[in-house]
Amino acid sequence: MGGITRLPTVTATVPRTEIRAGVAGLADVGRDDRSLRRFLHGLPPVDEAGLELRSAELARRRVAGSAELQALDLAVSMVDLTTLEGADTAGRVRALCAQARRPDPANLEVPPVAAVCVYPDLAGVAAEALRGTPVQIAAVATAFPSGRASLPVKLADTALALDGGATEIDMVIDRGAWLSGRYGHVYDEIVAVREFIDGRAHLKVILETGELPGYDDVRRAAWLALLAGADVVKTSTGKTSPAATLPVVQVLLQAVRDWYRATGERRGVKAAGGIRRAPDAVRHLVAVREVAGPEWLTPALFRFGASSLLDDLLRRRRGVA
Amino acid sequence: MDWDYGVAREDAAGARLKPAYSPFVDGRFVGGGDPLTVHNPATGEPLTEVATAGAADVEQAIAAARRAQADWGTSPARRARRLFRFADVVAGRASEMALLEALDAGRPVRRARDDVSAVAAHLRSAAGWADKLEYAGLGPAPLPVGVVGVLVTGALPAVVRAVAPALACGNVVVLVPDPDAPLGALVLAEAGAEAGLPEGVLNVLPAGVLSGDVDAVAVTGPPAFCRDAARLAPGRPFHRRATGGLVQVVHDDAPLDQAVDGIVEALEGDQRVLVAESVADELVELLRERLARLRVGDPLDHNTDLGPLASPQQRDRAVALAAAADDEGARRWTGPAPLPERGWFLAPTVFTDVAPTMRIAREELAGPLLPVLTFRTPAEAVATAGAPRAAAVWTDKGSRALWTAQRLRAGVTWVNAVGRWDPAVPAAALADHLVF
């Protein structure tokens with residue numbers, strides 16, 4: 001609980017910091033509610049029918065043979081192996097970490113997963129179990145999954161994760177604030193968490209797209225998170241349905257692509273929840289390649305948040321190889 | 001990371017290509033005249049031969065059709081049953097017919113599969129009308145016209161959009177298929193016979209020249225093709241459905257990503273893009289990025305997005321138009337993907353700084369050539385568009401969509417979509433249309 005004592009004094013107005021270097025013209029957008037609203041509502045709209053049509057087209061790509069084997073390994077290396085249950089124990093997390101390090105003990109060609117994702121209080125257990133491996137320790141924080149807590153509580157939650165050794169923080173946005181149009185509030189919280197992390201971990205921002213009214217909101221929320229300094233925009237907590245769908249992921253990929261075109265900086269996307277089967281994962285890789293670009297086909301820029309996907313990837317891999 | 005899908009090539013044997021084809025007359029393939037060599041546009045190599053229909057074949061076909069018409073025209077319930085069966089047979093042979101289109105027309109097999117599905121859907125929709133014509137708003141006991149000559153350039157859906165309603169209404173058809181890709185229509189007729197269409201109801205005459213002995217003519221193709229066809233049967237009812245001439249109007253509030261998808265979707269056709277100047281740079285940048293990732297190549301590869309042009313003449317024409325555009329001062333961008341060494345391929349090409357007076361903006365285009373023109377106001381967009389045969393309007397604002405659609409006066413207009421033919425909607429051009 002050492003993190004609590006290191007908490008900064010949090011006031012109603014969080015000091016705003018500059019957006020990262022290279023973001024010409026965007027630095028001032030987060031100035032206040034009105035400015036954010038003007039910017040976000042000025043983004044090109046998303047046509048639902050067209051978006052879903054394109055997703056269906058992307059899903060028709062045929063990936064077989066060595067290309068599929070490569071895709072499966074790539075997908076494995078992008079998995080954030082997740083357990084987020086009230087019943088999680090240290091033993092369960094250690095077992096998960098063992099699987100994360102060596103997903104298929106019978107086949108050492110299978111790469112380790114990208115990260116293990118746990119609640120903050122178990123970050124320490126995961127860090128211990130993963131010491132000396134390339135596997136990252138991701139912890140959900142900021143009153144996951146609802147996000148219904150005061151900012152000091154959210155920061156304390158983050159502190160707990162960081163103290164445990166988390167290298168990645170998956171925070172949730174305040175959907176209530178978003179839906180009531182208080183964009184500034186959502187923005188401020190992300191900035192506050194980012195400043196609190198202060199470079200000690202990667203920041204993933206969960207938009208919980210299943211609770212947003214439509215694809216336009218998904219695009220706006222993604223941009224708001226990017227403006228506030230998210231390293232990764234993430235679809236869902238996995239606690240609501242629908243979670244990650246191909247159209248939603250497509251919108252996020254468009255956002256990071258457009259961010260790159262505007263700033264020259266590559267940010268990531270995490271598709272979390274609902275992706276359970278290997279072919280589904282491969283379809284997402286196709287979307288990554290064609291919507292954002294091949295440069296995004298790396299665990300640094302694309303992740304799957306999943307618990308059961310890994311097993312299906314390995315099953316499929318054994319069938320293909 | 002450098003990950004690609006690899007090749008998912010379908011087995012060409014599935015097309016059940018025959019060494020020779022011939023006119024389909026009176027329910028069977030007949031001898032025909034001088035054989036025409038059909039080439040595979042993806043390789044330029046000879047694919048098969050098609051015997052052309054001579055004057056005698058045409059005469060025989062029209063006579064057979066006339067014999068069949070008396071019965072076909074007076075048995076609506078049977079017509080409906082046969083046409084539903086026809087749709088089922090086509091659906092059952094979908095993969096064969098798609099592969100044949102890929103070989104013959106160079107249509108990427110994935111798209112060809114969609115085409116064949118559309119064919120079945122159109123047949124089904126028309127079949128449903130066959131025994132309900134009295135309720136179709138044509139007045140009591142509407143009568144068929146008789147023998148309809150159908151001339152089509154283009155893929156199978158265009159063929160069936162003309163043929164299916166004619167058959168449903170009790171007419172019989174003498175069809176002259178696309179000279180560059182005649183095989184699909186021949187196999188379609190074969191499928192019709194398999195489904196139990198009576199002999200003579202659907203005849204296919206490759207390279208046939210229709211005589212004036214038909215009762216009506218229906219033509220689908222570019223304007224010049226339609227004009228020529230109009231001379232065939234002077235004084236007869238004439239149904240023209242001019243193709244091509246698609247204009248995509250992209251307003252400043254358009255869903256840009258989806259507009260780009262729509263433009264890419266219609267890439268092979270004759271289309272122009274009119275975009276609001278304030279979003280033009282953004283649109284073109286997104287468009288180039290998307291086109292650069294397009295997979296150009298073997299039509300039999302399930303992952304191919306863009307195949308070759310159907311004939312060397314078409315490619316030469318496209319190359320000449322592109323050169324004219326350079327000459328007139330348009331700026332050219334060419335997709336970076338390497339093209340196959342053989343075959344009649346052309347890389348996706350975008351022209352900007354295009355003025356409405358340039359040839360590239362006015363003439364009929366074939367292949368992946370894409371002129372982009374800009375406009376300052378919606379009124380200017382409408383004026384520049386002229387009277388396009390088809391249009392797509394991209395905007396987030398309903399009132400603007402309606403405003404633009406009304407003034408464009410296109411044969412068919414889509415809003416935030418393109419090429420979504422609904423079999424249930426009769427697609428009549430504004431002028432020259434005839435109800436069968």
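Excluded from the calculations below are hydrogen atoms, water molecules and symmetry mates; all remaining heavy atoms, backbone and side chain alike, are included. Numbered from 1 within each chain, the chains take letters A, B, ... in sequence-line order. All figures in this text were calculated on a predicted structure; none of them were measured in a lab.
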Go through [options] and name the one with the most non-hydrogen pairs under 4.5 angstrom from chain A.
options                                : value
B/Gly262, B/Pro255, B/Ala259           : B/Pro255
B/Asp252, B/Asp257, B/Leu256, B/Leu294 : B/Asp257
B/Glu282, B/Arg295, B/His302, B/Arg420 : B/His302

Contact class of A/Leu53 relative to chain B, heavy atoms under 4.5 angstrom:
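Looking at A/Leu53, just its side chain touches chain B.
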
By a 4.5 Å heavy-atom criterion (distance strictly below it), what part of A/Glu290 contacts chain B: side chain, backbone, both, or neither?
both

Do A/Arg266 and A/Val256 pass the side-chain contact (heavy atoms from CB on, under 4.5 Å) test, and can you show the C-alpha distance, the side-chain angles, and the key distance before you say yes or no?
CA-CA 7 Å; A/Arg266 289 203 174 93; A/Val256 294; over 6 Å; no

From the options B/Arg107, B/Arg110, B/Arg9, select the one residue that forms a salt bridge (Lys or Arg N to Asp or Glu O under 4.0 Å) with B/Asp298.
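Looking at B/Arg107, B/Arg110, B/Arg9, the match for B/Asp298 under the salt bridge (Lys or Arg N to Asp or Glu O under 4.0 Å) is B/Arg9.
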
Taking salt bridge (Lys or Arg N to Asp or Glu O under 4.0 Å) as the criterion, tell me which of A/Arg276, A/Arg283, A/Arg277 meets it with A/Asp280.
A/Arg283

side-chain contact (heavy atoms from CB on, under 4.5 Å) between A/Leu74 and A/Leu285: does it pass, once the steps are laid out?
CA-CA 9 Å; A/Leu74 184 59; A/Leu285 295 183; 4.2 Å; yes

May I ask you to name which of [options] has the most heavy-atom pairs under 4.5 Å with chain B?
options                            : answer
A/Gly50, A/Ser66, A/Ala64, A/Pro45 : A/Pro45
A/Asp216, A/Val286, A/Val63        : A/Val286
A/Gly65, A/Ala49, A/Ala71, A/Gly42 : A/Ala71

Can you say whether B/Ala254 sits under 4.5 Å from chain A via the side chain, the backbone, both, or neither, judging by heavy atoms?
backbone

Any donor-acceptor N/O pair, B/Glu265 side chain to B/Asp261 backbone, under 3.5 Å:
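Judged by distance alone, no pair lies under 3.5 Å.
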
From CA spacing to verdict: ring-ring contact (aromatic ring centres under 6.0 Å, His included), A/Phe39, A/Trp223
CA-CA 9 Å; A/Phe39 177 83; A/Trp223 267 92; 5.6 Å; yes

So, applying side chain to side chain contact (heavy atoms under 4.5 Å, CB included) with B/Val275, which one of B/Val249, B/Leu283, B/Val284, B/Leu287 is it?
B/Leu283

